[in-house]
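For reference, the structure is listed below as structure tokens.
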Amino acid sequence: MRWSPGAVLAALTLLVALPYDAASHTAGGAVTRAADGGDRGGAARPAREDRPFGAECRSSVQGSTAVAYCHNPYPETDRVRLHIECDRWWDVDSDSAPVAAGPAGTVRLTGRCWKEIRSVWVSHQR
């Protein structure tokens, strides 16, 4: 598989322009209080959505097969899915079933096309 200079430049631009945590955190500064609704005098703790989340994934493509390894360094389980877009119009794109990457765990995701692969990415779900 040969990479054109334009494709490499586009991939590097996306890596620099879109930080990893941009897709893992929500905007806003919501805080939660005690479950009974009262303030127990302590400081407010961050809402679940504001805590760090998301496994770090590295993917590779060899021919028509894609492999991604995702390591979750955080205490919450991350459900990861591998998405593959095939290059040929008649080749069916695929999305894997969600796989739970537990705290300090690493999972392997695989998928393939009949012919060439156009792009591969991993999505995250709480």
Once you round to the nearest 0.5 Å, how far does [atom1] of [X] lie from [atom2] of [Y]?
X      : Y      : atom1 : atom2 : value
Arg88  : Ile117 : CZ    : CD1   : 12.5 Å
Lys115 : Ser64  : NZ    : OG    : 9.0 Å
His83  : Asp93  : NE2   : CG    : 11.5 Å

What are the two closest non-hydrogen atoms of [X] and [Y], and how far apart are they?
X      : Y      : value
Pro103 : Pro75  : CG-O, 3.2 Å
Pro73  : Gly54  : CD-O, 4.2 Å
Asp91  : Cys113 : OD2-CB, 3.3 Å
Ala100 : Thr77  : CB-CG2, 3.8 Å
Asp78  : His124 : OD2-ND1, 2.7 Å

- Item | Pairs meeting criterion salt bridge (charged side-chain N to carboxylate O under 4.0 Å, His left out) with involvement of residues 58-71, two or more places apart |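 Only Glu56-Arg58 qualify under salt bridge (charged side-chain N to carboxylate O under 4.0 Å, His left out).
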- Item | Test item: Asn72 side-chain N/O and Ala101 main-chain N/O as donor-acceptor pair under 3.5 Å |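 The answer is yes, because a donor-acceptor pair under 3.5 Å joins these two groups.
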- Query: Taking Arg118 for the side chain and Asp87 for the main chain, is one N or O donor matched with an acceptor at less than 3.5 Å?
  - Reply: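 Yes; judged by distance alone, with no hydrogens or angles, the pair exists.
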- Please determine if Arg126 forms a cation-pi arrangement with Phe53, meaning its NZ or CZ atom is less than 6.0 Å from the six-membered ring centre and no more than 45° off the ring axis.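 Geometry flag: set, cation within 6.0 Å and 45°.
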- Message: Run the side-chain contact (heavy atoms from CB on, under 4.5 Å) test on Val92 and Cys86 for me, step by step, so that the C-alpha distance in whole Å, both residues' side-chain angles and the decisive distance to 0.1 Å come before the verdict.
- Response: CA-CA 7 Å; Val92 179; Cys86 300; over 6 Å; no
- Item | Side-chain donor-acceptor pair present, Arg81, Ser96, cut-off under 3.5 Å |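 The criterion, which ignores hydrogens and geometry beyond distance, is not satisfied for Ser96 and Arg81.
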- Message: Would Arg108 and Thr110 count as a side-chain contact (heavy atoms from CB on, under 4.5 Å) here? Give the steps.
- Response: CA-CA 7 Å; Arg108 180 178 189 255; Thr110 60; 3.5 Å; yes
Quick one: do [X] and [Y] end up in the same hydrophobic cluster if we chain Ile, Leu, Val, Met, Phe, Trp and Tyr together by side-chain heavy atoms under 4.5 Å apart?
X     : Y      : result
Trp89 : Trp114 : yes
Val99 : Leu82  : yes
Val80 : Val61  : yes

- Step through the shown structure and confirm whether more than 12 heavy atoms of other residues, nucleotides or ligands are within 6.0 Å of CH2 on Trp90.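 Correct, the count exceeds 12.
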- So Tyr74 and Arg51, side-chain contact (heavy atoms from CB on, under 4.5 Å) or not? Walk me through it. CA-CA 9 Å; Tyr74 300 111; Arg51 288 184 280 186; over 6 Å; no
- Message: I want to check something: taking the side chain as every heavy atom from C-beta on, are Leu109 and Val67 in contact at a cut-off of under 4.5 Å?
- Response: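 They are not in side-chain contact.
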